[in-house]
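Take a look at the structure set out below.
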Amino acid sequence: MFAVISDIHSNLAALRAVLDDIERRQIKEIFCLGDIVGYGPEPCQCLDLIIDRQIAGIMGNHDHAVFYEPTNFNTGAERASYWTRRALEKEPDSEKRSRRWSFLGRLPVSIRMAKIMMVHGSPRRPVNEYIFPDDIYTNSAKLLTIFEKVDHLCLVGHTHVPGVFLDDPDFYGVDELDYVYPVVEKEKAIINVGSVGQPRDQDVRASYVIVGEDKIEFVRVEYDIELTVAQILANPQLDNFEGERLRDGR
Ligand code: ZN
């Protein structure tokens, strides 16, 4: 059994709440599908926590943007990305500074565990491609091509909308699933684990999943949203919207 988190986006309060919840369940192994940084106010602290807890990470587009450069980002995301880079560079302790940079620079674009594949975006374009619930209606050919790359299960993040894609193609949100996807042998599924620090499915709580032998459980955890909102509003380099949206989960 292991836990999979994603899209923390420098939201330390949310990350702490999720890690506490995982610890309470005595789950030792944790994977992170990327976007540790971006949008939020505490990139250094979030990176330190991920590194200290020895959480295996994958490269997300926001991690990539801070290390290299933002591409196809909206203005708010781009500003946050440049501010994040400055925050990482400003660290006076050179050991801490290089530990964070080398962690970011060494993130792999995918991890494979037995029959389970893990990426940030999609198995076709691991760092940047979005798989949206609407794609099942508007772009089913895209989903079918993506599913050709999946043997059995693929865990993704990136859209911040948790749920399960099947290769019909179809999408099931967490409510429809009653928060559990029973793993079916030979059935292909792409499971979006949702976002820890920037949920966008109108549920404001932090999202992650627990992967067991025969099921994947979606978990939501309450955290101090107003703490993170206040930090974002107090930071002139971050757009207020990145904080306000946390109150609605959008
Ligand atoms: Zn993200």
Side-chain angles (χ1 to χ4, degrees), residues 4-15 18 30-43 45-47 49-50 55-85 87-88 103-104 107-111 118-135 154-163 165 174 190-209 218 220-221 223 225 228 232 238-239 241-246 248-250:
V4 183
I5 63 177
S6 190
D7 297 270
I8 292 138
H9 288 295
S10 304
N11 186 340
L12 185 64
L15 177 59
V18 163
I30 308 174
F31 294 88
C32 172
L33 305 185
D35 282 4
I36 298 166
V37 299
Y39 298 127
E42 299 199 274
Q45 296 83 343
C46 287
L47 277 166
L49 197 46
I50 295 284
I55 295 169
I58 289 174
M59 178 78 82
N61 58 316
H62 286 256
D63 309 314
H64 187 270
V66 168
F67 199 81
Y68 297 99
E69 62 183 26
T71 29
N72 300 323
F73 274 35
N74 65 43
T75 326
E78 186 175 292
R79 285 183 71 213
S81 179
Y82 287 125
W83 172 77
T84 301
R85 182 180 298 172
L88 288 170
F103 178 82
L104 276 178
L107 289 171
V109 295
S110 68
I111 292 180
M118 293 185 243
V119 293
H120 180 64
S122 91
R124 180 166 67 170
R125 289 177 49 218
V127 182
N128 277 299
E129 185 168 56
Y130 291 92
I131 309 175
F132 292 112
D134 271 359
D135 286 342
C154 181
L155 299 174
V156 303
H158 200 30
T159 63
H160 303 198
V161 178
F165 293 88
V174 284
I190 296 175
I191 296 107
N192 193 308
V193 307
S195 168
V196 169
Q198 187 83 218
R200 289 186 196 148
D201 61 339
Q202 279 82 52
D203 184 338
V204 297
R205 297 171 297 169
S207 173
Y208 78 96
V209 304
F218 293 86
R220 300 306 282 248
V221 183
Y223 73 96
I225 294 171
T228 304
I232 293 174
L238 299 175
D239 285 5
F241 173 64
E242 311 303 354
E244 285 153 2
R245 67 196 304 182
L246 297 176
D248 312 313
R250 67 190 161 108

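Please read all numbers here as calculations on a predicted model, not as lab measurements. Each ligand, and each atom within it, is numbered from 1 in the order the structure gives.
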Distance-only donor-acceptor check, side chains H64 and H120, under 3.5 Å:
no
What I want to find out is whether D201 reaches R220 closely enough, with some N-O distance under 4.0 Å, to be called a salt bridge.
yes
In D35, which N, O or S atom comes closest to the Zn ion (ligand 1)?
OD2
For D7, what is the atom name of its N, O or S atom nearest to the Zn ion (ligand 1)?
OD1
Could you pull out the closest heavy-atom pair between V37 and H62, with the gap in Å?
O-CB, 3.4 Å
Is it the case that over 12 heavy atoms from other parts of the model lie below 6.0 angstrom from the CD atom of E244?
yes
Measure from the Zn ion (ligand 1) to each N, O or S atom of H9 and report whether any distance is below 2.8 Å.
yes
Counting backbone and side chain alike, does H62 bring an N/O/S atom below 2.8 Å of the Zn ion (ligand 1)?
no
